[in-house]
Amino acid sequence: GQNIDQPTEMTATEGAIVQINCTYQTSGFNGLFWYQQHAGEAPTFLSYNVLDGLEEKGRFSSFLSRSKGYSYLLLKELQMKDSASYLCAVRPPQAGTALIFGKGTTLSVSS
Amino acid sequence: DVKVTQSSRYLVKRTGEKVFLECVQDMDHENMFWYRQDPGLGLRLIYFSYDVKMKEKGDIPEGYSVSREKKERFSLILESASTNQTSMYLCASTRSRSTDTQYFGPGTRLTVL
């Protein structure tokens with residue numbers, strides 16, 4: 001079966017660092033995406049990992065361990081505008097299939 | 001920039017009505033998708049299409065149909081709307097492979113009374 005797990009909710013304060021975890025058990029793997037979605041808006045692309053290790057992009061970094069079926073999104077120097085849902089999605093290797101999305105983690109940043 | 005547009009941001013319909021949700025992308029993308037998003041359930045794939053006149057069922061196709069007559073346009077049809085189809089509907093597209101980076105439209109919040 002296909003299963004992607006993320007925490008439902010997280011809270012943090014401005015200026016802090018937060019790590020959002022994603023574990024997956026899927027029949028095949030060919031990469032992992034992170035998307036950000038503000039309330040009432042469409043998801044937007046944040047990062048893509050296909051090899052093990054850390055990818056850094058400004059305040060956001062994403063890590064992948066394929067052997068552990070595990071990824072995390074790291075947000076540094078949190079700002080109020082980072083309050084959003086963060087979606088983890090696995091890319092299956094088969095052609096003609098679609099991304100498999102987790103249910104998302106809602107992050108609330110307070111001052 | 002890729003632009004994916006949806007015909008309405010908000011829509012209110014009555015039970016039993018036929019509902020059309022339109023999605024258009026302007027970047028010549030091959031693949032297009034329809035999702036619904038509900039609290040606690042995340043994004044669920046309804047249908048997708050990897051070519052004109054082609055369609056594939058997603059995880060929850062019951063009660064929906066789709067049409068792709070032109071490459072840039074993908075329509076979601078609710079033949080007879082029901083209250084349990086009240087949801088946020090999101091359209092997405094990808095360039096050349098169905099599992100590439102997805103670009104989403106702004107969403108249509110449909111309420112069925």
Side-chain angles (χ1 to χ4, degrees), chain A residues 1-10 20 22-24 26-50 55 57 60 62 64 73 84-108, chain B residues 1-6 8-10 21 23 25 27 29-51 54-61 66 74 87-110:
Chain A
Q2 319 277 41
N3 193 45
I4 299 177
D5 283 320
Q6 308 178 231
T8 304
E9 292 179 341
M10 297 183 73
I20 302 174
C22 171
T23 57
Y24 60 90
T26 55
S27 51
F29 177 86
N30 197 20
L32 188 142
F33 291 88
W34 283 97
Y35 284 83
Q36 179 190 58
Q37 185 179 22
H38 286 101
E41 298 181 12
T44 55
F45 170 77
L46 282 178
S47 68
Y48 174 64
N49 294 68
V50 65
E55 296 273 347
K57 196 185 290 186
F60 292 7
S62 56
L64 176 66
L73 182 69
S85 287
Y86 292 86
L87 310 178
C88 168
V90 167
R91 183 187 195 188
Q94 303 90 343
T97 57
L99 295 180
I100 305 164
F101 281 87
K103 293 180 181 177
T105 299
T106 300
L107 173 66
S108 299
Chain B
D1 274 356
V2 176
K3 193 165 184 185
V4 181
T5 57
Q6 294 182 228
S8 307
R9 289 301 304 271
Y10 300 94
L21 302 182
C23 175
Q25 49 88 8
M27 287 300 290
H29 280 186
E30 300 286 335
N31 306 289
M32 298 185 75
F33 306 80
W34 275 107
Y35 294 88
R36 63 177 285 177
Q37 188 174 35
D38 302 285
L41 297 177
L43 279 170
R44 292 184 290 168
L45 181 65
I46 304 171
Y47 268 98
F48 67 103
S49 167
Y50 51 85
D51 201 353
M54 304 299 286
K55 60 185 179 184
E56 290 284 339
K57 290 181 180 179
D59 300 317
I60 51 163
V66 289
F74 192 34
S87 186
M88 170 68 88
Y89 289 88
L90 288 161
C91 174
S93 70
T94 64
R95 182 172 48 86
S96 59
R97 183 186 152 140
S98 57
T99 52
D100 281 341
T101 303
Q102 294 197 352
Y103 296 89
F104 286 86
T108 296
R109 183 162 294 283
L110 172 67

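Residue numbers start from 1 in every chain, and the chains themselves are labelled A, B, ... in the order their sequence lines are given, proteins ahead of strands. Every heavy atom of this structure was used, including side-chain atoms; hydrogens, water molecules and symmetry mates were not.
Under the 3.5 Å distance criterion, with hydrogens and angles disregarded, a donor-acceptor pair is assigned to the side chains of B:Gln6 and B:Thr108.
Comparing A:Ala89, A:Gly102, A:Pro43 by heavy-atom pairs within less than 4.5 Å of chain B, the highest count is held by A:Pro43. Annotation: maximal heavy-atom pairing with chain A below 4.5 Å, among B:Leu45, B:Leu43, B:Asp59, occurs at B:Leu43.
More than 12 heavy atoms of other residues, nucleotides or ligands lie within 6.0 Å of CZ in B:Arg44, so this atom counts as buried by the packing criterion.
Below 30°, between 30° and 60°, or above 60°: for B:Phe48 and B:Tyr50 the angle between ring planes is between 30° and 60°, a tilted geometry. Taking the six-membered ring where tryptophan is involved, the planes of B:Phe104 and A:Phe101 are perpendicular, since the angle between them exceeds 60° and thus also 30°.
In this structure, the portion of A:Leu87 lying under 4.5 Å from any heavy atom of chain B is its side chain and not its backbone. Proximity to chain A is limited to the side chain of B:Arg9, based on heavy atoms less than 4.5 angstrom apart.
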